[in-house]
*Asks:* 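What follows is a structure written as structure tokens; I'll ask about it next.
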Amino acid sequence: MTVRTRIAPSPTGDPHVGTAYVALFNYCFAKKHGGQFVLRIEDTDQKRSTSASEQMIFDALRWVGLEWDEGPDVGGPHGPYRQSERSELYAKHTAELVEKGHAFHCFCSTERLAALRQEQRSSGSSVTGYDGLCMSLSKDEVAERLAKGESHVIRMVVPREGECVFQDVLRGEIRIPWTQVDMQVLMKSDGLPTYHLANVVDDHHMEITHVMRGEEWINSAPKHQLLYEYFGWDMPVLCHLPLLRNPDKSKLSKRKNPTSLWWYREMGYLPEGLLNYLGHMAWTMPDERDLFTLEEMVDAFKIEKIALGGPVFDVPKLSSLNARWLREQLDPEQFIDRLVDWRLNREFLSKLVPLVQQRVQRFTDLIDLTDYMLTHLVEVDAETLQSGREAEEVMRDLYFAVQRFTALDEWNKESIEGVIRVLCEHSGLKMRVFVKPFYLAMSGKPSALPLFDSMEILGRDITRDRINHAIATLGGLGKKKLKKLDKELAALAVLAESE
RNA sequence: GACCCCAUCGUCUAGUCAGGUCAGGACACCGGGUUUUCAUCCCGGCAACACGGGUUCGAAUCCCGUUGGGGUCACCA
């Protein structure tokens, strides 16, 4: 049997460092055993999935050096590799489950479900999840309501007693009472499958032999195992990897730590350095050496050697490892190549030149004009940053901008400008007054290259870092203030919608 | 709250599965040396088996409990 593993990210937002981490382990395991590593796009959530995000996943995984044998862009014998293109398959299998009595139509409203959940929670009941109301519907009634075109979902039947026992390669036997397992929706009212169904169906058809995924999935393993049983399929070997953590030990999140792979790229980390560091999370080379390549990790890889404690993602340690790559693994020629790849390339300069050409008298002016485009944070003192306004007010504007930027689907100067204009209007200030602190936060100078262009070029993550840094310089915002500001911002959004 | 997972220096970890160098490496930090500065490099130091019970001649290592941390409880993945 050929070992086949997969990484199955959902294309929402920026490519996540956790995706690269899980992909790395799946890649190493597959390659170590001469198998294949598959990329599958889990885009069953129509509301959140974007093709831009999908493309970024391809680019980001390739950037760190993880190539897949099969995937949406490279094809393969088990395609399509995009779940949105496999709808008929899920529909067919769902019908099969309904037919066999393993799944049922559910017409319950979201209101009823919310009320149910509310009640279960407030009563402190250990029983949670769907109460099975629609299971008792007669065949005729179901047929009638379907004929009427009533909105419905399809749920799986889950035992109400006993416990589910399954195996995890690293943890051994895990037992979870069935009462803890919800009658999961398999097919949403939009006719698309949920993760649980699509995942099982695809892993089976794609002949995935080993599922290595984040620990957060342990509690849904019973649903998956049950589905495999219902279908009469063999279940892949399960291996739950410890979750990457913030310095405070909570699950890695972008509020507390940079999580976008693009941040690491823009910051000037080498992909080899980043991947090497990810290889330190939950893994150690047999000889405990710190610096190793992907190939070396593949050679040495032993799944049972994965450590289970949740590793804190420590940016300083990543930096020191990256430093070793920079100075020990590159000769000067290669260093030049990498530097050119990073920023000193035609593509980057072609973004910059239209902005600077009109503003230089000599080439030597170039550095002064663009220094802030090549660094991470810039320093400005609080007084300058305030530009004569109240610190509180400036912090509010900066904070609003960060929040809005984070929510933006597309990052370009038009969308950035849109955010700034709305906020400027809200503040009641003239544009030139309003943007002053932004220029200072972004460039460290009262005047610089056009703001929106600068932000677009620097990218969302570094823009966010600089604005947050400016807020901190101004004294920072406490929890209470943040709460108040969040309210104000929400009200602003409602206002905008009603217009 | 219920359920599940986890537990060695501040951080990543080796050692745990086949109990007997009570603990090694790396980052960070501190001190010293090389270097025209800085960085690199070299040497040294600080620093951990969460706690309590067992089992055993002997436990970081096996068992139980406690505590702590994390995760999950969606028509998101």
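As a basis for the values below, the full set of heavy atoms in this structure was taken, side chains included, without hydrogen atoms, waters or symmetry mates. Residue numbering restarts at 1 for every chain, and letters A, B, ... go by the order of the sequence lines.
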*Asks:* Nearest whole Å is fine: how far is B:U72 C1' from A:His224 NE2?
*Replies:* 12 Å

*Asks:* Using OP1 and OP2 only, check whether a side-chain N or O of A:Arg327 sits under 4.0 Å from B:C41.
*Replies:* yes

*Asks:* Which one, B:G71, B:A2, B:C75, comes nearest to the side chain of A:Leu243?
*Replies:* B:G71

*Asks:* When the P atoms of B:U37 and B:G45 are compared, how many Å lie between them, rounded to an integer?
*Replies:* 26 Å

*Asks:* Picking from B:A77, B:U13, B:A2, which would you name as closest to the side chain of A:Gln180?
*Replies:* B:A2

*Asks:* What pairs of nitrogen or oxygen atoms, one from the protein and one from nucleotides 63-66 of chain B, lie under 3.5 Å apart?
*Replies:*
none

*Asks:* Between atom CZ of A:Arg112 and atom SG of A:Cys134, what is the distance when rounded to the nearest 0.5 Å?
*Replies:* 7.0 Å

*Asks:* I'd like the P distance from B:C5 over to B:C63, given in whole Å.
*Replies:* 14 Å

*Asks:* Between the protein and nucleotides 25-32 of chain B, list the N/O to N/O atom pairs that are separated by less than 3.5 angstrom.
*Replies:*
unit_1 : atom_1 : unit_2   : atom_2 : d
B:A26  : O4'    : A:Asp290 : OD2    : 3.2
B:A26  : O2'    : A:Asp290 : OD2    : 3.3
B:A26  : N3     : A:Lys317 : NZ     : 2.7

*Asks:* With a 4.0 Å cut-off on heavy atoms, is A:Ala323 in touch with a base, just the backbone sugar-phosphate, or nothing at all?
*Replies:* nothing

*Asks:* Which part of the nucleic acid, if any, lies within contact of A:Trp217, taking any heavy atom under 4.0 Å across all strands shown: a base, the sugar-phosphate backbone alone, or nothing?
*Replies:* base

*Asks:* Atom NE2 of A:His105 to atom C1' of B:C75: distance rounded to whole Å?
*Replies:* 15 Å

*Asks:* Classify the ring geometry of A:Tyr195 against A:Trp217: parallel below 30°, tilted from 30° to 60°, perpendicular beyond 60°.
*Replies:* parallel

*Asks:* Could you tell me how far B:A60 sits from B:G52 if I compare only their C1' atoms? Round to whole Å.
*Replies:* 16 Å

*Asks:* Quick one: side-chain hydrogen bond (donor to acceptor under 3.5 Å, both in side chains) pairs with a partner in residues 228-237 of chain A, sequence neighbours left out?
*Replies:* A:His204-A:Trp233

*Asks:* Using the P atoms only, state how far B:G32 lies from B:C38, rounded to an integer number of Å.
*Replies:* 13 Å

*Asks:* Charged N to carboxylate O below 4.0 Å: is that the case for A:Arg6 and A:Glu70?
*Replies:* no

*Asks:* Only one of A:Leu274, A:Thr293, A:Leu330 clears side chain to side chain contact (heavy atoms under 4.5 Å, CB included) with A:Trp325; which?
*Replies:* A:Thr293

*Asks:* For A:Cys164, answer base if it contacts any base atom (sugar-phosphate contacts may also be present), sugar-phosphate if it contacts only those atoms, and nothing otherwise; contact means non-hydrogen atoms under 4.0 Å.
*Replies:* nothing

*Asks:* Could you check which nucleotide pairs with B:A2 in any of the strands shown, counting Watson-Crick or G-U wobble with both distances under 3.5 Å?
*Replies:* B:U72

*Asks:* For the ring pair A:Phe25 and A:Phe29, is the centre-to-centre distance below 6.0 Å?
*Replies:* no

*Asks:* Considering every strand and a 4.0 Å limit on heavy-atom distances, what is the contact class for A:Val312: base, sugar-phosphate, or nothing?
*Replies:* sugar-phosphate

*Asks:* Take atom P in B:A48 and the same atom in B:G24, then report the distance between them in whole Å.
*Replies:* 11 Å

*Asks:* Judged by each residue's nearest nucleotide on RNA chain B, which is more toward the 5′ side, A:Ile306 or A:Ser151?
*Replies:* A:Ile306

*Asks:* Please report the closest heavy-atom contact between A:Tyr90 and A:Leu197, naming both atoms and the distance.
*Replies:* CB-CD1, 3.8 Å

*Asks:* Excluding sequence neighbours, so at least two apart, what forms side chain to side chain donor-acceptor pair (under 3.5 Å) with A:Glu333?
*Replies:* none

*Asks:* In this structure, how many angstroms lie between the P atom of B:A74 and the CE atom of A:Met183, rounded?
*Replies:* 14 Å

*Asks:* How long is the line joining CG of A:Asn246 and C1' of B:C12, in whole Å?
*Replies:* 16 Å

*Asks:* For the aromatic rings, using the six-membered ring if either is Trp, is the centroid distance between A:Trp283 and A:Phe301 under 6.0 Å?
*Replies:* yes

*Asks:* Look through every strand shown and name the nucleotide pairing with B:U11 as Watson-Crick or G-U wobble, where both distances are under 3.5 Å.
*Replies:* B:A26

*Asks:* Between A:His280 and A:Phe313, is the ring centroid distance below 6.0 Å?
*Replies:* no

*Asks:* Measure the distance from CG on A:Leu278 to P on B:C12 and round it to the nearest whole Å.
*Replies:* 14 Å

*Asks:* Is there a Watson-Crick or G-U wobble partner for B:C51 with both distances under 3.5 Å, and which nucleotide is it?
*Replies:* B:G65

*Asks:* Would you say A:Lys305 reaches B:A14's phosphate, i.e. side-chain N/O to OP1/OP2 under 4.0 Å?
*Replies:* no

*Asks:* Collect all protein-nucleotide pairs involving nucleotides 4-7 of chain B in which both atoms are nitrogen or oxygen and the distance is under 3.5 Å.
*Replies:*
unit_1 : atom_1 : unit_2   : atom_2 : d
B:C5   : O2'    : A:Arg171 : NH1    : 2.5
B:C5   : O2'    : A:Glu215 : OE2    : 2.7

*Asks:* Pick the P atom in B:C41 and in B:A26, then give their distance to the nearest Å.
*Replies:* 12 Å

*Asks:* Does this structure show an ion pair linking A:Asp341 with A:Arg265, if we count only N-O contacts that are shorter than 4.0 Å?
*Replies:* no

*Asks:* Considering only the P atoms, how many Å lie between B:G69 and B:G53, rounded to the nearest integer?
*Replies:* 23 Å

*Asks:* Report the residues that fulfil salt bridge (Lys or Arg N to Asp or Glu O under 4.0 Å) with A:Arg171, sequence neighbours left out, ordered by chain and then residue number.
*Replies:* A:Asp168, A:Glu215

*Asks:* Are OP1 or OP2 of B:A77 and a side-chain N or O of A:Lys188 less than 4.0 angstrom apart?
*Replies:* yes

*Asks:* Take the protein atom CZ of A:Arg40 and the nucleotide atom C1' of B:A77, then report the distance between them rounded to whole Å.
*Replies:* 12 Å

*Asks:* Which value, in whole Å, describes the distance between the P atoms of nucleotides B:A39 and B:G20?
*Replies:* 44 Å

*Asks:* From the set B:U72, B:C76, B:G69, return the single nucleotide nearest to any side-chain atom of A:Glu216.
*Replies:* B:U72

*Asks:* Mapping A:Asp45 and A:Met281 to their closest nucleotides on RNA chain B, which lands nearer the 5' end?
*Replies:* A:Met281

*Asks:* Measure CG/A:Asp202 against P/B:A77 and give the value in whole Å, please.
*Replies:* 12 Å

*Asks:* Please check if the side chain of A:Thr209 supplies one atom and the backbone of A:Val3 the other of a donor-acceptor pair under 3.5 Å.
*Replies:* no

*Asks:* Identify which nucleotide among B:A77, B:C75, B:G70 has an atom closest to any side-chain atom of A:Thr110, counting heavy atoms from C-beta outward.
*Replies:* B:C75

*Asks:* Find out whether A:Leu227 and A:His102 are in side-chain contact, i.e. whether some heavy atom of one side chain is under 4.5 Å from a heavy atom of the other.
*Replies:* no

*Asks:* Starting at atom OH of A:Tyr277, determine the distance to atom C1' of B:C12, rounded to an integer number of angstrom.
*Replies:* 6 Å

*Asks:* Indicate, with yes or no, if the rings of A:Phe405 and A:Trp411 have centres closer together than 6.0 Å.
*Replies:* yes

*Asks:* Return the pairing partner of B:C17 with a 3.5 Å limit on both distances, Watson-Crick or G-U wobble; otherwise return none.
*Replies:* none

